[in-house]
Trainee: 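Mind having a look at this structure? Questions to follow.
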Amino acid sequence: MIHQYNVNEQGYYGEYGGAYIPEILFNNVEQLKNNYLQIMESDSFKKEFDELLKNYVGRPTPLYHAKNLSAQFNTNIFLKREDLNHTGAHKINNALGQILLAKRLGKKRIIAETGAGQHGVATATACALMNLECIIYMGEVDIERQAPNVARIKLLGATVVPALSGSKTLKDATNEAIRDWINNTDTTHYIIGSVVGPHPYPDMVARFQSVISHEMKSQLLQQVGKENPDYVIACVGGGSNAAGAFYHYLNNEEVQLIGVEASGKGIDTGHTAATLTIGKPGIIHGSKTYLMQNDDGQITEPYSISAGLDYPGIGPIHSFLHDIKRANYMHVTDAEAMAAVVNLTQKEGIIPALESAHALAALHKIHFKSTDTVVVNLSGRGDKDLTTYINYLNENDYAKQN
Ligand SMILES: *Cc1c(COP(=O)(O)O)cnc(C)c1O
């Protein structure tokens, strides 16, 4: 049976996705929906976006054959080095793409919400470059927890607005951002940082991130003589780096796609973010998808040591790929991810982001053949996680493991 993996005209992947939004947001979302493909496919957009990706972001990012890691797992492991992007992760691909789109829609003002601050930094960076007003909504609690990113956002010239309601975290910041958008429809574009939210955001963000698998194909052809690996492995928070790494392989059924969620302290502990494992379909942030909820349908608080992965939902494309079994989704604990951080750092001299370490930890859970070609998407670098690593270092024996 041939599956249609891309979003359909109504914004659905199978039964997931759609645009479940209040009436008052209809015009904002409709304008995007009616224009995003035409703009993204225009020559002028492509030229400007490609040039920025090349000379500002530093693309193509290398595809690095990790020989020591390959020897450890007795297979052939390649790292797609999204950690080498400007600002240290894949998020800049999407932030720049949406800003170029917003400019072509005549918007003068950019808003976004951020939890850990990474999406806020990417957005504020792109706004500085394009000289656009930038407002970042952030929960008051997160502002305290993520002081270095708040400093970066402010230094970049953006305004940080604290969300003071509810638990004063990401979902409250989201509410404030939506309120702003409703009140400033004509002037303002709302940048969502992952493949989540109402249609067309999941598809738009997946397309901006698809540069990852586009590059992987030609790099693999050059390095191993074939475009298709046996496995592509990526961590999943909302799912944008995974969607980008999977995108151009969706129709190549021989490529095994592996998404890795954060199980936190364990899937049965109540401190987890493994949405596809413990969640059920419902509506969150304007789309139908798996989400973590209690018996009354209330969204439950996610937990992961990694701030970029503790999201209670997941992009609708992943709910679909999970149900039809085109991709397999695994989960990795805090401790397994930390061990993978130490392992990659000491084996290859690369300090990964905690999020990316979840993808690396999955290498232990798959039985590879010695002839397999395996690509791990290294979504970001570990500088931002150094405090977490130092604390771990103080509590554990960090001696070289081999
Ligand atoms: C934000 C982030 C993630 C999680 O977001 P996705 O949309 O799932 O990709 C993963 N890795 C890094 C480095 C991040 O900053």
Side-chain angles (χ1 to χ4, degrees), residues 61 79-95 97-98 112-123 125 142 146 148-149 152 170 191-197 201-213 232-247 257-262 273-276 285 287 289-290 302 304-319 321 327 329 331-332 337 340-341 344 350-362 376-386 388:
T61 57
L79 303 177
K80 183 57 174 159
R81 298 290 308 274
E82 293 301 296
D83 60 314
L84 294 178
N85 283 326
H86 178 48
T87 67
H90 65 291
K91 286 195 174 74
I92 190 76
N93 303 326
N94 170 54
Q98 284 199 46
E113 86 270 347
T114 194
Q118 294 302 110
H119 175 52
V121 170
T123 301
T125 299
D142 289 333
Q146 312 290 344
N149 276 340
R152 286 185 185 99
L170 184 63
I191 298 196
I192 294 181
S194 191
V195 286
V196 301
Y201 280 100
D203 183 51
M204 181 169 70
V205 177
R207 286 169 186 262
F208 286 135
Q209 294 294 358
S210 71
V211 64
I212 298 172
S213 49
V232 176
I233 306 175
C235 67
V236 178
S240 69
N241 86 89
F246 294 174
Y247 196 87
L257 307 175
I258 314 276
V260 187
E261 294 192 292
T275 306
L276 286 176
H285 298 151
S287 80
T289 189
Y290 278 79
S304 163
I305 190 174
S306 158
L309 299 183
D310 67 351
Y311 179 64
I314 185 168
I317 186 173
H318 295 292
S319 293
L321 296 176
Y329 293 85
H331 46 81
V332 154
V341 168
L344 186 74
I350 297 169
I351 304 176
L354 252 174
E355 292 86 355
S356 321
H358 286 71
L360 293 162
V376 179
N377 196 38
L378 204 69
S379 56
R381 69 178 82 126
D383 307 36
K384 68 183 177 58
D385 299 310
L386 223 52
T388 310

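Read the numbers this way: they start at 1 and go in the same order the structure lists the ligands and their atoms.
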Trainee: Verify whether the ring centers belonging to Tyr201 and His285 lie closer than 6.0 Å.
Mentor: no
Trainee: Quick one: does Ser194 get an N or O within less than 3.5 Å of an N or O on ligand 1?
Mentor: yes
Trainee: Partners of Ser319 by side chain to side chain contact (heavy atoms under 4.5 Å, CB included), sequence neighbours excluded?
Mentor: Tyr16, Leu276, Thr289, Tyr290, Ile314
Trainee: Looking only at distances, can you tell me whether any N or O atom of Gly237, backbone or side chain, sits closer than 3.5 Å to an N or O atom of ligand 1?
Mentor: yes
Trainee: State, yes or no, whether a side-chain contact exists between Leu309 and Glu261 at a heavy-atom distance under 4.5 Å.
Mentor: no
Trainee: Can you list the atoms of ligand 1 that are under 4.0 Å from a heavy atom of Gly380?
Mentor: 13 (C)
Trainee: I need the nearest protein heavy-atom contact for atom 4 (C) of ligand 1: residue, atom name and distance, please.
Mentor: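 The closest one turns out to be Gly308 O, 3.4 Å.
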Trainee: Ignoring hydrogens, just give me the one of Gly193, Ala359, Ser240 whose non-hydrogen atom is nearest atom 6 (P) of ligand 1.
Mentor: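 Shortest heavy-atom distance from atom 6 (P) of ligand 1: Ser240.
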Trainee: Taking Glu82 first and then Lys91, would you say they form a salt bridge - that is, a charged N and a carboxylate O separated by under 4.0 Å?
Mentor: no
Trainee: Does ligand 1 have any atom that is closer than 4.0 Å to a heavy atom of His119?
Mentor: no
Trainee: Does the Asn241 side chain pair with the main chain of Cys235, one donor and one acceptor, at a distance under 3.5 Å?
Mentor: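 Here the side-chain-to-backbone pair exists.
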Trainee: For atom 11 (N) of ligand 1, which protein heavy atom lies nearest, and how many Å away is it?
Mentor: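 Here the nearest protein heavy atom works out to Ser379 OG, 2.7 Å.
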Trainee: To check your reading of the model: name the closest protein heavy atom to atom 10 (C) of ligand 1, its residue, and the distance in Å.
Mentor: Glu355 CB, 3.4 Å
Trainee: Suppose we screen for side chain to side chain contact (heavy atoms under 4.5 Å, CB included). Which residues come up paired with Val211, at least two apart in sequence or across chains?
Mentor: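 Per chain and number, Val211 pairs via side chain to side chain contact (heavy atoms under 4.5 Å, CB included) with Leu53, Arg59, Asn93, Glu215.
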Trainee: Check this for me - ligand 1, Gly239, N or O atoms closer than 3.5 angstrom, yes or no?
Mentor: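 Yes, there is a polar N/O contact under 3.5 Å.
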Trainee: With a 4.5 Å cut-off on side-chain heavy atoms, are Phe208 and His90 touching?
Mentor: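 His90 does not reach Phe208 side chain to side chain.
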Trainee: For Lys91, which part has a heavy atom under 4.0 Å from ligand 1: side chain, backbone, both, or neither?
Mentor: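 For Lys91, only side-chain atoms sit under 4.0 Å from ligand 1.
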